[in-house]
Q: 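Got a structure for you, questions after.
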Amino acid sequence: KGFAIGSAALVSLALYGALVVRLKIEGGVNVLEPMTFAFLLIGAMLPYWFSAMTMKSVGEAAGAMVMEVRAQMKDKTIIPAGSDRLTGLGMATLKPGKTVEAGVGILEGLVKPNYKQCIDISTNASLKEMVPPS
């Protein structure tokens with residue numbers, strides 16, 4: 001929390017400095033002027049707005065990731081012995097001719113989860129959702 005507050009204060013100060021430079025204000029700044037005060041408030045609110053957009057995006061991506069993990073745990077696909085989807089433990093445990101359901105196998109450590117799907121969800125969400133905050 002301290003880091004977030006400190007970084008927000010620093011960004012607000014930087015935005016205020018950019019306002020002074022952009023408007024070419026010389027000889028001091030009067031914070032009581034309506035235009036200066038309004039832009040000071042806007043500059044102070046921007047870091048919080050960007051932080052809120054970022055947290056919303058991360059929350060949506062995390063929700064999609066949870067749904068994917070749940071779907072993989074409920075997967076009823078039959079995985080035969082000798083499949084490339086089995087872990088080392090699965091290869092050693094399953095005898096030839098035996099099978100395991102994918103969801104149960106993931107929970108028991110016999111079947112590898114589909115990591116690629118989770119990485120795709122994370123990558124696509126970051127590319128799509130993080131554009132507005134950036």
Q: Going only through I, L, V, M, F, W and Y residues with side-chain contacts under 4.5 Å, is there a path from Leu46 to Val11?
A: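 Per the 4.5 Å side-chain linkage, Leu46 and Val11 are co-clustered.
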Q: Which of these passes side chain to side chain contact (heavy atoms under 4.5 Å, CB included) with Leu89: Leu94, Val111, Leu110?
A: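 The single option meeting the side chain to side chain contact (heavy atoms under 4.5 Å, CB included) with Leu89 is Leu110.
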Q: According to a hydrophobic-cluster definition based on side-chain heavy atoms being under 4.5 Å apart (Ile, Leu, Val, Met, Phe, Trp, Tyr only), do Val100 and Met73 belong together?
A: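 Yes, same cluster.
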Q: Roughly how far, to the nearest 0.5 Å, is CD of Glu60 from CE of Met65?
A: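 Between atom CE of Met65 and atom CD of Glu60 there are 13.5 Å.
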Q: When you measure from the side chain of Ser57 to the backbone of Met53, do you find a donor-acceptor pair of N or O atoms at a distance under 3.5 Å?
A: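 Yes, Ser57 side chain to Met53 backbone: donor-acceptor pair under 3.5 Å.
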Q: Ala81 and Lys95: which non-hydrogen atoms are nearest, and at how many Å?
A: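 For Ala81 and Lys95, the tightest heavy-atom pair comes out as CB-O, 3.2 Å.
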Q: Nearest 0.5 Å, please: how far is NZ in Lys74 from CD1 in Ile106?
A: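 Spacing of CD1 (Ile106) from NZ (Lys74) equals 13.5 Å.
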Q: Is there a path of hydrophobic side-chain contacts, each under 4.5 Å between heavy atoms, that joins Tyr48 and Leu41?
A: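 They do not share one cluster, since no chain of ILVMFWY contacts under 4.5 Å joins Tyr48 to Leu41.
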Q: Tell me whether Tyr115 is reachable from Val69 by hopping between hydrophobic residues (I, L, V, M, F, W, Y) whose side-chain heavy atoms are closer than 4.5 Å.
A: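 No, Val69 does not connect to Tyr115 through the hydrophobic network.
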Q: Is the side chain of Thr87 donor-acceptor paired with the backbone N or O of Gly109 at a distance under 3.5 Å, no angle test?
A: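 Here the side-chain-to-backbone pair exists.
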Q: Please name the pair of heavy atoms, one in Ala61 and one in Ala125, separated by the smallest distance, quoted to 0.1 Å.
A: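 Nearest heavy atoms, Ala61 then Ala125: CB-CB, 3.5 Å.
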Q: Can you name the closest pair of heavy atoms from Thr99 and Pro80 and give their distance?
A: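 The answer is CG2-CA, 3.9 Å.
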Q: What I'd like to find out is whether the side chain of Glu101 reaches to under 4.5 Å of the side chain of Ile78, using heavy atoms alone.
A: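 A side-chain contact under 4.5 Å exists here.
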Q: Is Phe37 reachable from Met35 through a run of I, L, V, M, F, W or Y residues, each pair having side-chain heavy atoms under 4.5 Å apart?
A: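 Yes.
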Q: Would you please name every residue forming a side chain to side chain contact (heavy atoms under 4.5 Å, CB included) with Lys116, sequence neighbours left out?
A: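 By the side chain to side chain contact (heavy atoms under 4.5 Å, CB included) rule, Lys116 matches Asn114, Asp120.
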Q: Partners of Lys98 by side chain to side chain donor-acceptor pair (under 3.5 Å), sequence neighbours excluded?
A: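 Lys98 satisfies side chain to side chain donor-acceptor pair (under 3.5 Å) with no residue once adjacent residues are dropped.
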Q: Check whether any side-chain heavy atom of Leu86 sits under 4.5 Å from a side-chain heavy atom of Ile79, and report yes or no.
A: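 Yes, at least one pair of side-chain atoms sits under 4.5 Å.
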Q: How many angstroms lie between CZ in Arg85 and OG1 in Thr77, if you round to the nearest 0.5 Å?
A: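 It is 6.5 Å, given to the nearest 0.5 Å.
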Q: Over all heavy atoms of both residues, which pair between Glu68 and Cys118 is shortest? Give the atoms and the distance, please.
A: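 Answer, listing the atom of Glu68 first, then Cys118: CG-SG, 3.9 Å.
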Q: Residues two or more places apart in sequence or in another chain: which of them pass side chain to side chain contact (heavy atoms under 4.5 Å, CB included) with Thr36?
A: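 Partners of Thr36 by the side chain to side chain contact (heavy atoms under 4.5 Å, CB included) criterion, ordered by chain and then number, come out as Tyr16, Val29, Glu33.
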